[in-house]
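Report on one structure; see the data block that follows.
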There are 2 protein chains.
Amino acid sequence: MNSLEQQSWQSVHDEVLRRIHTREWKPGDLIPKEVELAEQLGCARATVNRALRELASEGFLDRRRKAGTRVAAHPVRRAKLDIPVIRLEIEGRGQKYAYGLLFSERRTPPPEICANLGVTAESDMLHITSLHLADGKPFMFEDRWVSIAATPTILDADLEKISANEWLVLHAPYTRGDIYFSAVNASAAEAKVLRTDPGTSLFLMERTTWENNTGITSARLLFAPGYRKHSAI
Amino acid sequence: MNSLEQQSWQSVHDEVLRRIHTREWKPGDLIPKEVELAEQLGCARATVNRALRELASEGFLDRRRKAGTRVAAHPVRRAKLDIPVIRLEIEGRGQKYAYGLLFSERRTPPPEICANLGVTAESDMLHITSLHLADGKPFMFEDRWVSIAATPTILDADLEKISANEWLVLHAPYTRGDIYFSAVNASAAEAKVLRTDPGTSLFLMERTTWENNTGITSARLLFAPGYRKHSAI
DNA sequence: AAAGATAATATGTACGTACATAATATTTCT
DNA sequence: AGAAATATTATGTACGTACATATTATCTTT
């Protein structure tokens with residue numbers, strides 16, 4: 001660290017992270033305040049602020065006005081999971097993407113969907129199931145309910161050509177969403193669609209999205225055996 | 001929007017997001033440059049910059065110098081997954097945490113662990129298996145390998161009292177890590193430990209962490225049936 | 001001593017200016 | 001025309017100042 005040359009917020013970020021890693025600053029420790037650090041490292045407070053803000057959002061630091069900045073006592077790892085459109089995920093693996101609509105029906109939703117989206121049992125909804133394939137093999141089975149009130153134009157979409165997954169991303173951006181990851185044993189019907197055996201362990205992703213407080217869609221995405229979702233920290 | 005009162009970066013963030021949601025700015029569209037937006041919204045460029053930077057990191061915008069800022073053509077949802085220490089995850093659910101060491105052995109690692117961590121087959125490692133319980137019921141089975149070269153002090157840790165999971169978080173902060181999520185059928189042994197039936201679908205989290213380029217630990221975390229990992233977007 | 005009001009303080013953020021950097025557009029040269 | 005050099009431009013970031021805000025510490029009152 002040379003106090004003459006200009007410091008970038010990234011170099012401050014790295015230097016603070018180094019001190020945490022080398023345990024110069026241990027979990028729970030109060031670290032110097034921004035002005036002091038700025039002086040130490042030869043940069044402006046704004047630069048230190050940017051670096052510390054970033055580190056806090058990464059879970060390494062806890063910051064509170066007046067109380068100061070501490071090394072996180074129980075570092076919570078914040079994994080960033082990229083959830084692209086299925087087509088891009090498959091193409092990103094270098095595989096050929098294909099898609100097939102299984103069925104599409106306009107009807108009222110079952111209780112669990114009402115509960116997820118916070119809508120009434122009489123809601124006008126579209127129920128769609130489809131299969132996404134990678135190199136011709138079943139990759140993911142999608143079982144989705146879409147609120148027609150929230151996105152009426154979905155009735156005009158040609159869901160034989162574009163998947164509901166992709167159509168929604170392009171035409172119904174949302175403000176809020178929930179995802180649940182879990183593991184389930186394949187039912188007989190699911191096993192048949194995904195060309196595997198009943199009871200096989202499958203990776204399940206359940207997504208619900210809202211715009212403000214109106215539910216848009218709730219989907220159950222069931223992945224073929226062997227699927228692994230990766231995340232770097 | 002009042003051009004007289006001061007704009008916060010959050011209000012700019014929300015306004016831009018609103019324009020994306022209402023499709024005033026569609027996926028792929030070039031949006032006004034920072035100076036123009038600042039003028040429009042009555043704030044400084046730095047404020048607009050902060051808001052747009054945030055939106056880009058959230059996956060809503062693509063930004064490139066000179067080329068300008070565009071609405072992301074294929075919005076990649078970036079889910080933030082908090083991965084706390086198991087004890088805190090269980091206590092956060094309002095359940096009582098307990099932990100039992102199953103066995104701990106110092107030996108050379110099998111091939112797959114060598115591959116994960118990038119170490120040789122002759123490495124000096126600690127192999128630990130343990131069970132984490134919530135309200136007395138099996139919650140997660142942990143099968144972990146720790147490099148003794150990277151963290152020699154783990155030999156002094158009393159792993160009957162503190163889990164390797166927690167000890168490592170407190171004593172061996174890392175710089176880089178990988179996580180894989182998947183679903184597997186329980187083996188006979190795994191089923192017995194988790195008190196369930198063989199073949200039951202289980203949620204699996206595989207974690208490997210490095211400090212710089214030396215592998216620290218590789219763990220296989222197998223959750224009891226019914227486990228769901230949540231994430232808000 | 002307990003409660004309430006007040007002061008002190010570290011972080012949070014806005015602004016304007018200045019310059020850096022990367023990518024594109026234009027001009028010049030061959 | 002094609003390649004190379006140059007200018008242009010939008011974002012990226014650093015700085016110093018100013019003030020806001022949340023929280024803690026201190027003082028005052030009862």
Side-chain angles (χ1 to χ4, degrees), chain A residues 1-17 19-20 25 27-73 75-76 78, chain B residues 1-17 19-20 25 27-73 75-76 78:
Chain A
M1 287 280 153
N2 183 335
S3 61
L4 288 177
E5 56 178 298
Q6 186 174 267
Q7 291 302 317
S8 69
W9 71 267
Q10 300 226 24
S11 72
V12 174
H13 175 280
D14 292 352
E15 170 61 14
V16 171
L17 200 50
R19 294 189 188 181
I20 295 174
W25 294 338
D29 280 5
L30 195 65
I31 77 171
K33 49 190 158 195
E34 293 186 347
V35 256
E36 287 174 17
L37 262 179
E39 208 172 320
Q40 255 185 56
L41 304 173
C43 63
R45 183 170 83 91
T47 308
V48 172
N49 180 277
R50 169 97 189 253
L52 297 189
R53 187 153 38 79
E54 211 82 9
L55 283 161
S57 92
E58 292 169 58
F60 291 108
L61 295 176
D62 286 331
R63 320 193 71 200
R64 273 168 60 218
R65 280 176 180 168
K66 165 83 183 175
T69 302
R70 289 176 182 280
V71 178
V76 171
R78 217 149 279 162
Chain B
M1 288 278 154
N2 184 335
S3 60
L4 287 176
E5 57 179 298
Q6 186 174 268
Q7 291 302 320
S8 68
W9 71 267
Q10 300 227 23
S11 71
V12 174
H13 175 281
D14 293 351
E15 171 60 14
V16 170
L17 200 51
R19 294 188 189 180
I20 295 175
W25 294 338
D29 281 6
L30 195 66
I31 76 171
K33 47 190 161 194
E34 294 186 347
V35 256
E36 288 173 17
L37 262 179
E39 207 173 320
Q40 254 186 54
L41 303 174
C43 64
R45 183 170 82 91
T47 307
V48 172
N49 181 278
R50 168 97 190 253
L52 298 189
R53 187 154 37 80
E54 211 82 9
L55 283 161
S57 92
E58 292 168 58
F60 291 108
L61 295 175
D62 285 332
R63 320 193 70 202
R64 272 167 63 217
R65 279 176 180 167
K66 163 85 183 175
T69 301
R70 290 177 181 279
V71 179
V76 171
R78 216 150 278 163

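Below, chain A is the first sequence line, B the second, and so on; all start at residue 1.
Set against dA14(C), dT13(D), dA22(C), the side chain of R65(B) has dA22(C) as its closest nucleotide. Comparing dT13(C), dA14(C), dG16(D) by their nearest atom to the side chain of A44(A) picks out dG16(D). The side chain of R63(B) lies closest to dG12(D) when the candidates are dG12(D), dA14(C), dA10(C). Looking at the side chain of N49(B), the nearest of the listed nucleotides dC15(C), dG12(D), dT11(C) is dG12(D). The side chain of K66(A) has dA8(C) as its nearest neighbour among dA8(C), dG12(C), dT13(D).
Proximity of R50(B) to the phosphate of dT13(C): a side-chain N or O atom is located under 4.0 Å from OP1 or OP2. Contact annotation: T69(B) reaches the phosphate of dT11(D) (side-chain N/O to OP1 or OP2, under 4.0 Å).
Put simply, the side chain of R64(A) and the base of dT21(D) share no donor and acceptor less than 3.5 Å apart.
A salt bridge links E34(B) with R63(B); the closest basic N to acidic carboxylate O contact falls under 4.0 Å.
Residues D62(A) and A73(A) approach most closely at OD2-N, 4.3 Å, considering heavy atoms. Contact detail for V48(B) and C43(B): the closest heavy-atom pair is CG2-SG, 3.7 Å. When every heavy atom of W9(A) is checked against every heavy atom of A51(A), the shortest pair comes out as O-CB, 3.4 Å.
For the pair R45(B) (side chain) and A38(B) (backbone), a donor-acceptor distance under 3.5 Å is absent.
Between A46(B) and P32(B), it is P32(B) whose nearest contact on DNA chain D lies nearer the 5' terminus.
Protein atom CZ of R45(A) is 13 Å distant from nucleotide atom P of dC15(D), rounded to whole Å. Counting to the nearest Å, the P atom of dA10(D) and the CG atom of D62(B) are 18 Å from each other. A straight line from CD of E34(A) to C1' of dG12(C) spans 8 Å, rounded to a whole angstrom. Separating the CG atom of L55(B) from the C1' atom of dT11(D) is a distance of 15 Å, rounded to the nearest angstrom. Distance H13(B) NE2 to dG12(C) P: 17 Å, rounded to the nearest Å. The interatomic distance linking L41(A) (CG) with dA14(D) (C1') rounds to 14 Å, in whole Å. Atom NZ in K33(B) sits roughly 15 Å away from atom P in dG12(D) (whole-Å rounding). Atom CG of L37(B) is separated from atom P of dA10(D) by 13 Å (rounded to the nearest Å).
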